[in-house]
Number of protein chains: 2
Amino acid sequence: MTDVTTVTETSVTPVGLPVGDDDLTTPRMRFWGWGVDGHDGPLPPGAEALMTSELGPSAGAGPRRDPVALQDVALPDSRIGTPARDALVAVVGTEHVRDDHATRVVHSAGKSYPDLVRLRTGTVAHAPDAVVYPADHDEVVAVLAVAAEHRLTVVPFGGGSSVVGGVEPLLGDGHDAVVTVDLARLSFVRAVDARSQTATVGAGTTGPEVERLLAAHGLTLGHYPQSFEFSTVGGWVATRSAGQASTGYGRIDDLVLAVRAATPAGEFTSLAIPGTAAGPDLRELLVGSEGTLGIITEVVLRVRPRPAAARYEAWVVPDMSAGVETLRELEQHGIAPAIARLSDEEETRLQFAMAGGSTSTKIGKAYLAARGRANGCTLILGYEGTPGVIAEQRAHVVPVVRRHGGVALGSRPGEAWRAGRFHGPYLRDELLARGVLVDTLETATSWGTLLELYRAVGSALRRSLAARGTPALVMCHVSHVYPTGASLYFTFLAAQETGAELEQWHAAKSAAGEAIVAAGGTITHHHAVGRDHAPWLTPEIGALGTDLLRAAKARVDPDGLLNPGKLIDGAPLPGA
Amino acid sequence: MTDVTTVTETSVTPVGLPVGDDDLTTPRMRFWGWGVDGHDGPLPPGAEALMTSELGPSAGAGPRRDPVALQDVALPDSRIGTPARDALVAVVGTEHVRDDHATRVVHSAGKSYPDLVRLRTGTVAHAPDAVVYPADHDEVVAVLAVAAEHRLTVVPFGGGSSVVGGVEPLLGDGHDAVVTVDLARLSFVRAVDARSQTATVGAGTTGPEVERLLAAHGLTLGHYPQSFEFSTVGGWVATRSAGQASTGYGRIDDLVLAVRAATPAGEFTSLAIPGTAAGPDLRELLVGSEGTLGIITEVVLRVRPRPAAARYEAWVVPDMSAGVETLRELEQHGIAPAIARLSDEEETRLQFAMAGGSTSTKIGKAYLAARGRANGCTLILGYEGTPGVIAEQRAHVVPVVRRHGGVALGSRPGEAWRAGRFHGPYLRDELLARGVLVDTLETATSWGTLLELYRAVGSALRRSLAARGTPALVMCHVSHVYPTGASLYFTFLAAQETGAELEQWHAAKSAAGEAIVAAGGTITHHHAVGRDHAPWLTPEIGALGTDLLRAAKARVDPDGLLNPGKLIDGAPLPGA
């Protein structure tokens, strides 16, 4: 009766790079930056000059500041003792316990700005003493038992794309060594239930693999964080991730029906049910637990039929306020497309400037100037579904956008955005090579306070960086809309303060965090808490909320094995 | 800038009955049954004969079994000591500490079948030693402090409509007396933010009051549990309630943005943000906590513009399977109306039989017989919105229903359902007076296993009651649909086993519970856990899940003041 397709577990290779069982030490991403060589792209023409003109003579111009070579990264000796190492080998096999130099470097940090600043100069703040690659849930359980017996800290690792210090291998109190548990081998999609539109997916499955394996069943998850190419399902769930199409498909917390996790106190599971009145929703404790409460090994996800068609298009609205009202109206009327993304005036200006002097850009700018939108805000709307549904949705949306002063730019810039949607982090590497501080942060609040929060955070970043003599470019987009509010995603750039890069970053980050808390926003909408947002978690969830998290942790992880210094009781920030 | 209307707190009178500050002892519902005198209605003509013919000679026929008078209900003496009572009076004032007979009786139980069986005969299992009516959050905090100092158990009380023993005043370990905290005075809607479509609402506000106060702002919550007339916002949140229109408006857990609660360890609050990646969602710990972790005092709710129009209509589909497929297709295509409710063949048959021999019913039956749907299933579809939105939605829905064999009955029976949507519990009182066991229970699961669960629970109920010599009528409807699954709501009737009413009920309830667990359904989709579902909570959430709840409770309520014997570590069931 039930239309469940049980597919064989498929161990897979993340897109673009070999991470088979035979070659787990091959870095999935280059250690000092994003992605893999060959996937990166050069800065657009004129970008260097633009940086120099906007940020000052030390940014953009001058010699490239290239990262050190892998072999030049110095590591402390591994602290793992032979009995502990042997016990790990007994669980996962010799070939799945690695403590070679390259593996340890690649697992020494995530991909935050402070991480990259340090790694590019060969500075490793903390390295795991060993990396293990369990094959399945039971091996994860056994690794935790070894950790408890041998006083090993355990750091779960998915794609390694954390930008908040979430995978930093910090040694726990009273522990002897740190073991990073890389979940790359838990890569599968199984028990696809087409009637219920659910699928059971392994925690180590990367974005492209999830979509490739679901596509075989005509299904999609529709979760596209910017880290999509490398980040994993387990990481998404552990960090309560949002994707670029979350307005349409929902955040990962909307897509997770059930979680299976290994904890030092035993297995956590939840029933894959669509709704219940059976007490507090404990699944919500694991979603966003960031490896501090357990190692997520598999999840049941809501999936959908693959959209037959898509249309991405761009508009320009008069200003940020008009754009926000447009999005609010679309969402509150239930007609917002899957992707709805509004860039503020500054981000729009920089987009056009970075697009450079191509003929189509010049024509676009002239067209907008003629329509009185020379200093407007870009709005990307991305529809997905059947052609009929898209047409019907557009028929509702277009009049709303026009009523708010929107001028259509057509699908070409929309498709261009789509084609480059995962490209931002590659660009960051190029900017870092040119002396540019570039980082992003995000928050969310109600529609009623959105513009107030927008101004407060922008001002805090500008003030903080100007005070250090490195005036900033601060731009922002709204990319996730909800009936009651929306997210704000800030990108800020400044000339790096040579020799004080981390202090400079810390000052800006702290100023933004304080501004967010003061305005009642959440400290993070996309990127989780990790170490870098931990100082602002208690102001957000309260002392009792923090105590509740500590109580949960004490119950499932009494020896504090799991990912210490993250989420609650965070380690000091870089540059602090 | 922000369009927040701060309205004055409005202390209100629940619909139909006086519960002003001056008359808090007036029962909101008659102590032995549902609602208030005068709101109840007689059984339809022929119902008694129908019960007798379906259930046996002792059901329906014979003399009415009327409840005892209030003054004939015997209560144990109040155990509250003078120092404790004085301390409560110091907090809430003399007039808001009640220990008179009537107040204690009315707060002695909820409205479950076992509750009513006992109350109708004047049997009170447990009575509160006093009832206090705090005015606001701070008084609730102060009451908790008194409770801690004087070893008082505290039972939060909203509308008193629990059907799972949730408000039963059980004495906690080592405590001297039980105080019920009636939240009737926390009745307000304030800080209405029309732009963000949110409102801050007091926990003691009843359904009609929420809607009346929101209507003044052109807004609605859209939450309509069958208990709507009497139940409260705080009760809905504490029990993770579903409403009749939850398919369209979402369950209460979808509508709650933030919770404020008083706990013995301090205040719990969460930020009213639309989305966040800042760790586990602790709000989800309070939603469904059933008074065991804190007393919810106010919540921020998502609200919507009041619908300008509504259309409720009925269809008949060939059978349950066709109906389920219809609902699945509507929901998975995103076009299900706000209310989508499918009665199985037995519920449909009884609906027609109870409607009796009116001309319109006869015509309807003849029409259906002519269309080959004499033994079909009723499908109620309720659309709400603007006339344009409704028309567009129907244009999508109607072809789907027809394709699955649906025959339209028009809006008249749909409107009849709507008019009687809160009437079920009144009917129960009438059936109880005629020797009929009548109870309901509900579950939910994925679409893939829905029919299997449907058959398993129905069989378990029929088998259990037949084995006792009281063959049952078991009927079911699907009333809440989700992309990945749906709820099942069972009603079962049998002749009461005189002298063993509770044992009979317990046998049926347990059989259903075991069947639900075995088939992977949730033990409750509508009604919460309370005492009556507690035996099946650990099978559902696991030993570690139960431990996590205990850990949270130990942290916020170390002395176990709050609502003992509910949710976790439940007290024995009536009849066990």
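Just so it is clear: chains get the letters A, B, ... in the order the sequence lines come, proteins before strands, and each one is counted from 1.
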Does any heavy atom of chain A fall under 4.5 Å from the side chain of Ala528(B), the backbone, both, or neither of them?
both

Which atoms of Leu257(B) come close to chain A, meaning under 4.5 Å heavy atom to heavy atom: side chain ones, backbone ones, both, or neither?
side chain

Is the shortest side-chain heavy-atom distance between Arg550(A) and Arg555(B) below 4.5 Å?
yes

Taken to the nearest 0.5 Å, the spacing of Leu282(B) CG from Leu549(A) CG works out to 4.5 Å

Rounded at 0.5 Å granularity, tell me how far OG1 in Thr269(B) sits from CD in Glu540(A).
10.5 Å

When rounded to the nearest 0.5 angstrom, what is the spacing between OG1 in Thr276(B) and CD1 in Ile541(A)?
10.0 Å

Out of Ser289(B), Ala278(B), Pro305(B), return the one with the most heavy atom pairs under 4.5 angstrom to chain A.
Ala278(B)

One option among Gly385(B), Gly275(B), Gly545(B), Ala486(B) has the most heavy-atom pairs under 4.5 Å with chain A, and it is Gly275(B)

Who wins among Ser246(B), Pro274(B), Gly266(B) for the most heavy-atom pairs under 4.5 Å with chain A?
Pro274(B)

Taking His526(A), Glu290(A), His396(A) one by one, which has the highest count of heavy-atom pairs under 4.5 Å against chain B?
His396(A)

I need the Arg302(B) CZ to Gln332(A) CD distance, nearest 0.5 Å.
8.0 Å

Rounded at 0.5 Å granularity, tell me how far CD in Gln197(A) sits from CD in Glu331(B).
9.5 Å

Quick one: pull up CG in Asp281(B) and CG in Asp281(A) and give me the separation to the nearest 0.5 Å.
9.0 Å

Under 4.5 Å to a heavy atom of chain A? For Glu392(B) that would be side chain

Among Thr484(A), Val389(A), Ile273(A), which has the most heavy-atom pairs under 4.5 Å with chain B?
Thr484(A)

Note: vs chain A, highest number of non-hydrogen pairs under 4.5 angstrom among Thr239(B), Thr524(B), Val556(B), Leu567(B) is Thr524(B)

Max heavy-atom pair count under 4.5 Å with chain A, selected residue of Gly334(B), Gly288(B), Ala277(B)
Ala277(B)

